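Written out below as structure tokens is the structure these notes cover.
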Amino acid sequence: MRRIGRTDLSRVARPGQFVANTLIVGGVGNLLLIVATVRVVAGGASPFPADDPAVWIMLALVVADGVHTGVTRRGLYVPGAMPSVAITYGLLIVHGWLLAALMQAVPVLISSLARRDSLWRVAYTVGHYVLAFGAADLFLQMCGVFPERAQAHALDAQHVPAVLAAGCVLVLVSQGIGWLLRASWRGVRARSLAREEVRSRFVAHGALIGLAPLIAVVAYANPWVLPLFAVPLYSLYQTTRVTFDREQEVRHDALTGLPNRRLLLERGERALRDTADCGKVALFLLDLHRFHEVNDTLGHLAGDRLLHQVGRRLLSVVGPDDTVARLGGDEFAVLVPDLYRSDHDSAAPAPEKIAQSLARQVVEVLGEPFELDDLALDIEVSVGVAVFPDHAADMAGLLQYADVAMYLAKRLRSGVELYDPARDVNTREKLLLLGDLRRALDMHQVELHYQPKVSFTTGRVDGCEALVRWCHPERGYVSPEEFVRLAEETGLMPRLTRYVVDEALSQVARWHREGIDVPVAVNVSARDIHAPAFADTVAAGLQRYGVPAGALHLEITERVLLEEPQRAADSLDALRKLGVRLSLDDFGTGYSSFVHLRHIPVSEIKIDRSFVARLTVDEEDAAIVRSTVDLAHSLGLRVVAEGVEDDATWERLRDLGCDSAQGWLIARALPRDEATAWLVRHGVGARMAPQRRAAEPPPAVRQDRARPPHRTTRVTG
């Protein structure tokens with residue numbers, strides 16, 4: 001692993017620039033200091049005027065500052081300057097840059113030894129002060145002020161503006177060098193870093209530099225008063241430190257050091273203003289999968305280290321103008337402020353494609369194993385992408401829409417998703433529809449229609465499927481696919497399922513009282529099966545309506561076992577023990593249906609209509625149906641075919657050995673009262689004599705699709 005001293009370069013966003021900055025500043029600054037000192041000594045003079053008591057007093061003050069900095073373990077760049085800078089700059093005004101640089105090296109060395117800093121850090125810090133003091137001294141000489149090393153220089157009133165201006169030069173050089181280094185560490189532009197910190201750092205430096213002329217005057221006039229500066233310098237340092245720390249905490253994440261939500265919003269709004277006319281800005285929202293397992297297994301400290309590595313890896317893949325932020329928990333964001341401009345190559349990909357490509361690079365980089373406590377951890381990530389101005393006109397909107405896209409990517413396991421308003425359940429129209437659906441459930445305006453299933457062997461009805469229908473008071477008929485999907489995506493699905501199960505059990509109880517003995521099937525989602533105590537809810541409903549468990553069928557899909565398989569298996573086993581029959585719906589449309597048949601306690605499978613529709617014209621579909629029927633029968637399962645719409649399909653399914661059929665050929669999904677009349681008319685229950693049913697042949701009249709009212713169907717009666 002590459003290191004510079006004790007610094008792990010794998011934690012540095014741009015290690016090449018970081019090393020180059022360190023070597024150049026440390027090398028040039030220290031070389032300049034050594035050469036200047038050697039020249040003075042070689043000339044027979046001393047760089048330290050031992051006969052000046054002010055110098056000794058200043059030395060004592062800077063030593064105290066070095067001890068304080070080392071004991072408190074504060075970094076040299078927090079809050080932007082050591083208090084000794086005020087003293088050493090005052091010394092520069094009186095005796096020149098060489099003595100000031102040598103004096104400033106003293107607290108740096110003392111504090112670095114106390115903190116056991118690496119040699120490169122000490123060399124860099126000393127070098128950067130040398131360059132800053134040298135620049136300030138050069139500026140003073142350009143303004144006609146010539147500090148003398150061997151003789152104290154009196155500060156005249158006309159020189160004060162030049163001294164203050166030279167102090168600004170010192171600050172600019174010092175902070176500019178620091179910004180370059182920290183920008184390479186974080187992987188951002190120095191300009192962006194300076195824009196965010198210029199106020200706090202120049203306030204801290206400015207206050208110290210402002211005291212320097214007064215220190216210079218006192219050092220020349222009465223040096224014994226210099227110790228009195230210790231108290232105001234310490235107070236000033238503490239005040240600026242607290243202010244700086246507070247601003248850092250407000251804008252940065254304490255764990256990773258990355259920008260937080262507030263700083264992300266500030267940078268984002270600035271980027272939107274800069275590109276409002278001709279540019280596009282992209283925002284990525286990232287979420288780590290199963291991060292809680294790392295905390296639970298390895299502990300929270302390991303989880304914190306993993307988050308730190310994720311942040312560094314994100315910085316390595318984005319551009320210098322991009323912002324990587326941690327929003328909290330295991331959620332990160334990436335702001336790309338210059339995704340596309342009008343002066344780019346016209347043949348370049350669309351900005352949305354560029355954003356998706358970069359997001360996939362992020363997924364790929366984070367997909368590489370992370371090393372943690374000698375373990376290689378694989379982390380899966382989902383990324384949602386939103387683009388300005390296509391999707392939103394401000395940062396709040398971009399965050400909202402990127403969040404929508406991220407949850408879609410997480411649900412679909414697709415890795416990256418671009419925001420699509422058509423799939424956004426949080427649009428105003430869909431939110432209004434969701435509120436209407438809640439009220440419809442409260443007022444029992446959602447209805448169940450019942451579609452019969454008929455046995456190929458007996459020609460009798462052997463069940464009905466309850467299908468949910470909703471007629472909106474203003475919008476009219478709402479597609480079940482629309483409002484059921486809306487319920488699934490917003491957390492309303494458990495309530496909708498309870499409503500449907502309750503209505504179905506109520507109808508079964510009513511039919512039993514009327515002598516109609518027919519089981520009813522209800523579709524349930526994976527979220528329902530995964531819900532705690534779902535089986536208890538079903539049991540309570542059966543008891544409340546006095547319905548036997550065998551009269552209720554629950555239709556599930558393979559998705560049940562794809563998410564939290566153990567919880568799903570426990571819930572399904574509880575339903576089986578309760579006596580509720582389970583059907584596997586949409587069979588054949590998943591990737592591992594045959595494998596799941598070994599693990600799901602179902603008694604029936606339903607062949608999807610996509611295979612049934614072309615059964616008579618496509619031999620491949622016929623082969624699939626034949627194989628499915630044979631497999632199911634070998635496992636002791638019944639087979640129901642959905643979407644049976646013509647006599648030819650009926651005959652083919654019967655020849656293939658299918659057990660039951662459901663579709664428009666038999667009957668459409670009928671409202672409650674029509675379904676009751678249909679069941680009575682076609683011989684279900686005690687109203688019809690079994691002998692008469694068996695003796696009469698079943699008429700075969702297909703359902704009229706254009707007009708909902710049904711005709712006589714293929715049922716014995």
Side-chain angles (χ1 to χ4, degrees), residues 411 425 430-431 433-451 463-472 478-512 518-557 559-561 563-564 567-586 600-602 669 671-672 675:
R411 187 174 68 253
V425 300
K430 291 185 177 181
L431 289 176
L433 185 64
L434 181 64
D436 292 341
L437 179 58
R438 287 194 179 96
R439 285 188 290 274
L441 293 175
D442 292 336
M443 302 175 65
H444 288 265
Q445 294 176 345
V446 177
E447 300 179 350
L448 295 188
H449 289 193
Y450 301 88
Q451 187 172 39
C464 288
E465 180 179 0
L467 300 172
V468 64
R469 298 290 184 265
W470 179 28
C471 184
H472 193 278
V478 181
S479 168
E481 292 183 357
E482 181 179 359
F483 70 82
V484 170
R485 182 173 64 249
L486 183 65
E488 287 181 338
E489 294 173 342
T490 57
L492 189 61
M493 194 64 202
R495 181 180 175 188
L496 178 60
T497 299
R498 288 195 302 270
Y499 177 92
V500 172
V501 170
D502 192 72
E503 290 291 307
L505 290 176
S506 174
Q507 185 59 45
V508 170
R510 189 178 298 108
W511 280 340
H512 281 189
V518 59
V520 172
V522 174
N523 289 279
V524 293
S525 69
R527 179 174 292 188
D528 299 318
I529 296 298
H530 294 149
F534 176 69
D536 295 337
T537 301
V538 174
L542 293 170
Q543 183 177 7
R544 181 165 60 253
Y545 290 102
V547 174
L552 177 65
H553 294 188
L554 296 181
E555 296 188 1
I556 60 176
T557 63
R559 182 184 168 191
V560 167
L561 286 187
E563 303 173 3
E564 303 186 58
R567 178 181 293 184
D570 294 341
S571 182
L572 293 175
D573 188 60
L575 291 168
R576 180 186 60 80
K577 292 178 179 179
L578 191 62
V580 174
R581 293 174 59 185
L582 300 174
S583 298
L584 186 60
D585 200 7
D586 299 333
I600 303 179
V602 298
R672 179 182 60 191

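Note that the structure is predicted; figures quoted are calculated from it, not measured. Computed over heavy atoms, backbone and side chain alike; hydrogens, waters and symmetry mates excluded.
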Can you find a pair of side-chain heavy atoms, one from [X] and one from [Y], that are under 4.5 Å apart?
X      : Y      : value
Leu505 : Leu542 : yes
Pro601 : Asp573 : no
Leu433 : Glu482 : yes

| Taking the side chain from Tyr499 and the backbone from Val446, do they hold a donor-acceptor pair closer than 3.5 Å? | yes
| Is it true that a side-chain atom of Ser583 and a backbone atom of Asp585 form a donor plus acceptor pair closer than 3.5 Å? | no
Atom pair [atom1]/[atom2] of [X] and [Y] - distance to nearest 0.5 Å:
X      : Y      : atom1 : atom2 : result
Leu554 : Leu572 : CG    : CG    : 9.0 Å
Ser525 : Arg485 : OG    : CZ    : 14.0 Å
Trp511 : Ser506 : CH2   : OG    : 10.5 Å

Shortest non-hydrogen separation from [X] to [Y] and the atoms involved:
X      : Y      : value
His512 : Ala551 : CE1-CB, 4.2 Å
Ala669 : Arg469 : CB-NH2, 4.0 Å
Ala466 : Val522 : CB-CG2, 4.3 Å
Leu437 : Ala487 : CD2-CB, 4.4 Å
Gly550 : Arg581 : O-CD, 4.3 Å

With sequence neighbours excluded, residues passing side chain to side chain donor-acceptor pair (under 3.5 Å) with [X]:
X      : result
Glu488 : none
Ser571 : none
Arg498 : none

| Side-chain H-bond candidate by donor/acceptor type, Thr497 with Asp528, under 3.5 Å | yes
| said: Quiz question: by atom type and distance under 3.5 Å, do the side chains of His553 and Glu465 form a donor-acceptor pair? | reply: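 Glu465 and His553 do not have a side-chain donor-acceptor pair below 3.5 Å.
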Counterpart residues, salt bridge (charged side-chain N to carboxylate O under 4.0 Å, His left out), relative to [X] (two or more places apart):
X      : answer
Asp536 : none
Arg438 : none
Arg527 : none
Glu447 : none

| message | My understanding is that only residues two or more places apart in sequence, or in another chain, count here; which of them pass side-chain contact (heavy atoms from CB on, under 4.5 Å) with Ala535? | response |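 Once residues adjacent in sequence are excluded, the partners of Ala535 under the side-chain contact (heavy atoms from CB on, under 4.5 Å) criterion are Ala574, Leu575.
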| With Gln543, which residues qualify under side-chain contact (heavy atoms from CB on, under 4.5 Å), at least two apart? | none
| said: Give me each pair satisfying salt bridge (charged side-chain N to carboxylate O under 4.0 Å, His left out) with a member in residues 539-551, each pair once, sequence neighbours excluded. | reply: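 For residues 539-551, and leaving out neighbouring residues, the salt bridge (charged side-chain N to carboxylate O under 4.0 Å, His left out) pairs sorted by first residue read Asp502-Arg544.
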| According to the salt bridge (charged side-chain N to carboxylate O under 4.0 Å, His left out) rule, which pairs have a member within residues 546-557, sequence neighbours left out? |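 Qualifying pairs: Glu555-Lys606.
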| Phe483 and His472: side chain to side chain contact (heavy atoms under 4.5 Å, CB included), yes or no, with the steps? | CA-CA 11 Å; Phe483 70 82; His472 193 278; over 6 Å; no
| field | CA sep, side-chain torsions, deciding dist, call: Leu467, Leu448, side chain to side chain contact (heavy atoms under 4.5 Å, CB included) | value | CA-CA 5 Å; Leu467 300 172; Leu448 295 188; over 6 Å; no
| said: Under the rule for ring pair (Phe, Tyr, Trp, His ring centres under 6.0 Å), what residues qualify as partners of Tyr545, not counting sequence neighbours? | reply: none
| Val520 and Leu552: side chain to side chain contact (heavy atoms under 4.5 Å, CB included), yes or no, with the steps? | CA-CA 5 Å; Val520 172; Leu552 177 65; 5.6 Å; no
| request: Might you work through the side chain to side chain contact (heavy atoms under 4.5 Å, CB included) test for Glu503 and Val468, ending with a clear yes or no? | output: CA-CA 10 Å; Glu503 290 291 307; Val468 64; over 6 Å; no
